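Because the structure is a prediction, the values reported are computed rather than measured.
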Amino acid sequence: ACLLALLSELESQKQKRICFVAAVVLMVVSYNIRKQFGMVSLSAMLIILFVDLLLEKNKAVIQKIAILIVVFVLAYGSNMIYEKTSGISEFNKYYAQMGHWIDYPHLNYYEDENGVYEAAGWDESLFNAAESWFFMDENMTTEQLKSINDGYVASALPVKEVVKRAVNLIKTSPMANAQVIAWVIALIILNIILLLKKTHRSKLLMLDCLFGMFALVSGYFLWQGRFPLRAYQSLLFIYFIPSVVIMLQCIKLLASVRGEAIAFAGYTILMLAQYMICPAANMVRETYLTCNDVNRYRDMDVSQVIEEYAIAHDDCVFIHDLDLSLPAKVFTTYPKGGPHNLLFWGGWVYNTPMYWDQVYSCEKEHLYIEDFLSGDVCFCGYDISPVLEGYILAREPEAQVEVVDDVQGIKIYRFVK
């Protein structure tokens with residue numbers, strides 16, 4: 001989107017073609033990283049091109065829009081073919097149902113008067129475990145989850161309640177909020193200046209449309225009641241950063257080098273003021289703290305310990321606890337082979353072809369509760385969760401848990417009859 005916004009400043013046709021090709025490639029890359037935000041990227045790019053078309057009526061812009069849409073359709077089609085042939089499409093169906101059950105209000109087990117959970121093969125211990133984490137159970141299929149989701153009819157929330165819930169979601173994101181406030185202030189100032197001077201209509205329309213689209217998409221998420229910080233921040237980046245580029249173009253067109261220096265000084269003062277008023281909203285500070293977090297380095301060391309242990313005991317399968325889902329070092333290498341026998345019991349990747357490939361590589365067909373009692377499946381963690389213990393005892397009342405090893409505070413548990 002930034003590259004497209006810069007096209008008007010380039011004089012050489014060769015440079016313009018290179019910039020446009022690079023923009024299209026990056027759009028395809030963003031789509032392949034995460035489909036939803038590939039679509040958001042496309043919307044930002046189309047806003048810039050449509051405004052150009054609306055005001056300039058240039059045939060070259062029509063060609064660019066056509067190329068962009070054709071390439072996106074090809075990316076969309078090839079992605080669908082890949083998902084179908086690889087089995088990812090089946091995982092996506094499961095992921096949608098499980099994600100819906102976890103993220104949105106769902107039928108409470110104790111209020112199920114119609115036997116929805118019983119019909120799906122769920123008991124109380126499975127319900128409690130599913131609320132705690134995603135994990136592998138023969139009764140957690142796409143069809144069973146869909147029947148449970150369909151069995152919950154949520155009462156429509158009044159508008160006042162929806163607004164209250166949206167406000168509470170926004171309050172938890174001070175960094176993104178500070179950026180939005182700075183964006184709005186800059187937009188108001190630039191709108192006033194450009195409208196008074198009656199110039200650069202296309203730039204002004206681009207800016208307003210980008211913010212309008214950001215507000216529209218954010219509003220949709222807020223209305224749904226699920227707006228995680230990563231989504232809020234991503235939407236902000238995708239629409240805000242091209243806006244900054246266009247704003248700088250406007251300043252350059254309106255003012256001399258001195259004017260640009262004043263604008264830069266104003267932005268610096270704004271950032272310093274933000275840092276003093278609300279330190280938690282400052283991205284530079286937060287990035288520094290994240291990169292120098294003592295706990296993060298400790299977690300990475302713990303992660304390496306359990307990985308090395310699994311590599312050294314490749315005759316067993318090791319299920320790691322949520323507490324051991326830790327950040328890894330960027331350039332981790334395994335001279336003697338990776339820990340293929342270390343995996344989470346389900347998780348976000350459960351039901352992907354890659355997950356099943358890892359299970360099969362451990363010479364297992366699945367990892368249900370009977371496999372836990374086979375003697376070669378161990379559970380790693382600082383302790384045993386009462387939820388996990390309750391789930392196992394509900395299926396194997398005679399099961400007992402024993403500690404077979406202790407690795408720097410991480411206990412290796414085995415379940416036996």
Side-chain angles (χ1 to χ4, degrees), residues 94 98 101-102 106-112 115-145 147-148 302 305-307 309-325 339-351 355-356 358-417:
Y94 166 82
M98 192 68 203
W101 189 82
I102 284 285
H106 53 253
L107 181 65
N108 194 303
Y109 184 81
Y110 311 104
E111 298 172 355
D112 180 16
V116 173
Y117 283 110
E118 186 180 352
W122 286 39
D123 61 7
E124 184 181 347
S125 65
L126 175 52
F127 175 86
N128 292 335
E131 282 207 316
S132 300
W133 69 85
F134 287 61
F135 72 115
M136 192 182 295
D137 185 279
E138 57 267 41
N139 292 308
M140 292 182 71
T141 65
T142 305
E143 292 73 22
Q144 286 162 318
L145 285 164
S147 69
I148 292 170
V302 170
V305 165
I306 195 65
E307 286 178 352
Y309 185 87
I311 291 171
H313 299 79
D314 62 357
D315 56 332
C316 285
V317 179
F318 297 93
I319 308 294
H320 63 80
D321 191 7
L322 270 173
D323 292 336
L324 299 181
S325 301
H340 74 97
N341 55 333
L342 176 67
L343 66 159
F344 188 61
W345 195 29
W348 287 108
V349 295
Y350 174 47
N351 263 340
Y355 187 91
W356 286 108
Q358 188 177 3
V359 172
Y360 300 149
S361 74
C362 298
E363 298 182 356
K364 297 284 183 184
E365 288 297 314
H366 44 62
L367 283 170
Y368 298 143
I369 205 63
E370 59 265 26
D371 297 292
F372 265 58
L373 300 169
S374 62
D376 60 349
V377 176
C378 297
F379 185 81
C380 316
Y382 295 109
D383 53 30
I384 287 288
S385 161
V387 174
L388 173 61
E389 196 170 14
Y391 171 82
I392 290 170
L393 290 174
R395 282 145 188 77
E396 290 290 346
E398 296 180 3
Q400 292 183 342
V401 61
E402 60 181 21
V403 179
V404 294
D405 208 345
D406 189 310
V407 192
Q408 297 185 26
I410 303 167
K411 294 182 178 63
I412 313 298
Y413 298 94
R414 180 178 289 145
F415 293 95
V416 295
K417 283 192 176 182

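- Around atom CD of Glu138, more than 12 heavy atoms belonging to other residues, nucleotides or ligands sit under 6.0 Å away.
- The minimum heavy-atom distance between Phe127 and Asn108, with the atom names listed, is CZ-CA, 4.2 Å.
- Contact of the Tyr94 side chain with the Thr141 side chain is not registered, since no non-hydrogen atoms from C-beta on lie closer than 4.5 Å.
- Val359 and Met136 get closest at one heavy-atom pair: CG2-CE, 4.4 Å.
- Scanning all heavy atoms of the two residues, the minimum distance from Trp122 to Ile148 falls at CE2-CD1, 3.5 Å.
- The aromatic rings of Trp101 and Tyr117 sit perpendicular, their planes meeting at an angle over 60°, well past the 30° parallel limit.
- Closest approach of Cys380 to Ile412, counting heavy atoms only: SG-CD1, 3.9 Å.
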What pairs of donor and acceptor atoms, side-chain ones from residues 309-316 against any protein atom, are under 3.5 angstrom apart with sequence neighbours left out?
unit_1, atom_1, unit_2, atom_2, d
Tyr309, OH, Asp405, OD2, 2.7
His313, ND1, Tyr309, O, 2.9

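- The CD1 atom of Ile384 sits 6.5 Å away from the CD1 atom of Ile392 when rounded to the nearest 0.5 Å.
- Here the closest heavy-atom approach between residue Glu307 and residue Pro339 is recorded as O-CB, 3.8 Å.
- Classification of the Tyr413-Phe379 ring pair by plane angle, with boundaries at 30° and 60°, yields tilted.
- Here the side chain of Asp112 pairs no donor or acceptor atom with the backbone of Tyr109 at under 3.5 angstrom.
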For this session: I would like to know whether Arg395 and Leu126 meet side-chain contact (heavy atoms from CB on, under 4.5 Å); could you show each step before the answer?
Result: CA-CA 10 Å; Arg395 282 145 188 77; Leu126 175 52; 3.6 Å; yes

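- Without hydrogens or angle criteria, Glu143 side chain to Ala120 main chain gives no donor-acceptor distance under 3.5 Å.
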